[in-house]
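Working notes, beginning with the structure itself.
All residue numbers in this chain count up from 1 along the given sequence. Here the structure is a predicted model, which is why all the values come from computation and not from measurement. Whatever order the structure lists them in is the order used to number ligands and atoms, beginning at 1.
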Amino acid sequence: MWCSRMALRRLQRIAIAPLNIIGGLTSQTQREMSTLPRVYVTRQIPPEGLKILKESGQVQFELWDSDDIPVPRKELLQKVKGVDGLLCVLTEKIDAELLDAAGPNLKVLSTMSVGFDHLTLEELKKRGIRVGYTPDVLTDAVAELTVALLLTTSRRLVEATHEAKTGGWGTWRTLWLCGHELANSTVGILGLGRIGVAIAERLAPFKVKKFIYTDIAPRPELASAINAEYVSLDELAKQSDFLAVCCALSPETKEICNKNLFSKMKNTSIFINTSRGGVVNQEDLYEALSTGQIAGAGLDVTVPEPLPTSHPLFTLKNCVILPHIASASYTTRNAMSSLAANNLLLGLRGQPMIKELKL
Ligand SMILES: O=C(O)C(=O)CO
């Protein structure tokens, strides 16, 4: 009895180590370890999530121990062989090839993201793999960043600091670096969900006159919280002084922001995207910005990511581009990693996850 408790304690300590340092254990502990579900983690996730996995004593896991470079596809296809669970981030494409490489043991996938356009859901469903994701915990951070990006773009802050630093700041001028203000404006939301509501709640104190939104269908419960009116996509384009894209990327929303939409927008409008780059046709956006069809764009997401520094959008003064940082606060990224770790562990125990996608 005493012996097996010791072994269990040792086992719990060892379970926190990446698989590749299992060697050197007694054969008894190795035998006990080998019965724990195997998990591959595709990124060095923030410490709170890692701690949950380590202290669970429930899994043996290996992780790609870097946050700077994603795991190379070839390595990933090797590492997933025979795993029971996979914890990934949004840079990993989870498709038929990867699921075939993993094989039939794989029962749970947990993504540390609210977006799931990197997952081939039909393939996961076909194989009976359960999927966890991380909504809600990032809503505040994404809404905050969206407001920051909107103001940065509409009040031309990047141009302004550049001018101040590089000698462009002459005398006080009456129309120099003028932008567009939120007071008395109409704000349009493309895709009204938790994040869209949180953005509107933060913008309302800026004396916005009206919120409008479009979606597949009206969403009265969410809309009533911000007193937003449901309109068609055309009306959204026509009426919005600020248009914030908050929809998920899907076959229906792919490049939904294109020439057709931009051509209906006002010349004074500001376009903001913190959802996914794929919802925008970037050539059409470049055209709209460079011809003055719209006044400015703030993008936290692009295709591809990273956007090559030689991309034409980087040449435009009226386009502010951020490197996909909407959820990047310490609190939020730790909360996302904890939720992803807990979803994974619950899934492997056959219990309901905290946040599980209905496939
Ligand atoms: O969670 C996501 O889907 C992101 O884009 C990162 O915040």
Side-chain angles (χ1 to χ4, degrees), residues 41-50 64 66-71 86-95 109-121 124 131-150 189-199 202 244-257 272-280 282 297-307 320-344 353-359:
V41 181
T42 68
R43 189 66 70 93
Q44 188 188 72
I45 58 170
E48 288 184 16
L50 214 48
W64 175 251
S66 167
D67 194 24
D68 296 335
I69 8 165
V71 54
L86 185 59
L87 195 159
C88 72
V89 296
L90 54 82
T91 48
E92 273 71 66
K93 213 172 162 37
I94 308 296
D95 54 9
L109 169 73
S110 175
T111 180
M112 193 189 122
S113 61
V114 63
F116 44 84
D117 47 288
H118 54 302
L119 316 178
T120 310
L121 297 183
L124 287 153
V131 179
Y133 71 136
T134 62
D136 299 335
V137 292
L138 46 58
T139 300
D140 288 334
V142 174
E144 259 181 34
L145 188 284
T146 306
V147 171
L149 180 57
L150 185 149
I189 298 167
L190 202 174
L192 187 69
R194 298 164 292 250
I195 293 176
V197 169
I199 293 168
R202 282 158 179 77
V245 183
C246 302
C247 60
L249 174 61
S250 67
E252 293 73 40
T253 61
K254 189 167 189 291
E255 300 197 359
I256 193 170
C257 303
I272 301 294
N273 184 13
T274 50
S275 68
R276 283 292 183 268
V279 301
V280 177
Q282 288 177 174
L299 311 175
D300 182 48
V301 283
T302 58
V303 176
E305 291 183 6
L307 191 67
V320 177
I321 299 175
L322 302 179
H324 201 151
I325 54 161
S327 66
S329 78
Y330 292 110
T331 309
T332 290
R333 288 288 168 84
N334 269 300
M336 290 168 72
S337 78
S338 301
L339 181 51
N342 281 320
N343 280 340
L344 180 86
M353 296 182 194
I354 301 167
K355 295 290 172 185
E356 184 164 351
L357 273 177
K358 285 190 184 65
L359 297 183

(request) Determine whether the side chain, the backbone, both or neither of L90 has a heavy atom under 4.0 Å from any heavy atom of ligand 1. (result) side chain

(request) Select one of side chain, backbone, both or neither to describe which atoms of L138 lie under 4.0 Å from any atom of ligand 1, heavy atoms only. (result) side chain

(message) Regarding ligand 1, does R276 bring an N or O atom to under 3.5 Å of one of the ligand's N or O atoms?
(response) yes

(message) With respect to H324, determine whether any N or O atom, backbone or side chain, lies less than 3.5 Å from an N or O atom of ligand 1.
(response) yes

Is a side-chain N or O of [X] found less than 3.5 angstrom from the main chain of [Y], in a donor-acceptor match?
X	Y	answer
N343	S110	no
D300	I325	yes
S275	C247	yes
T120	I94	yes

(message) Under a plain distance cut-off of 3.5 Å, with no hydrogens placed, do T91 and R43 share a side-chain donor-acceptor pair?
(response) yes

(request) Please confirm whether M112 comes under 4.0 Å of ligand 1, counting heavy atoms of the residue only. (result) no

(message) I need the atoms of ligand 1 closer than 4.0 Å to a non-hydrogen atom of S113, numbered in the order shown.
(response) 1 (O), 2 (C), 3 (O)

(request) May I ask you to list the atoms of ligand 1 that are less than 4.0 angstrom from any heavy atom of M336? (result) 1 (O)

(request) Test side-chain hydrogen bond (donor to acceptor under 3.5 Å, both in side chains) on S329 and T331 and set out the steps. (result) CA-CA 5 Å; S329 78; T331 309; 4.7 Å; no

(message) To the nearest 0.5 Å, what is the distance between CG on L339 and OG1 on T332?
(response) 11.5 Å

(message) Which residue and atom name correspond to the protein heavy atom nearest atom 1 (O) of ligand 1, and how close is it?
(response) V114 N, 2.8 Å

(message) Minimum distance, heavy atoms only, to atom 7 (O) of ligand 1: which one of A326, A328, S327, P135 is it?
(response) S327

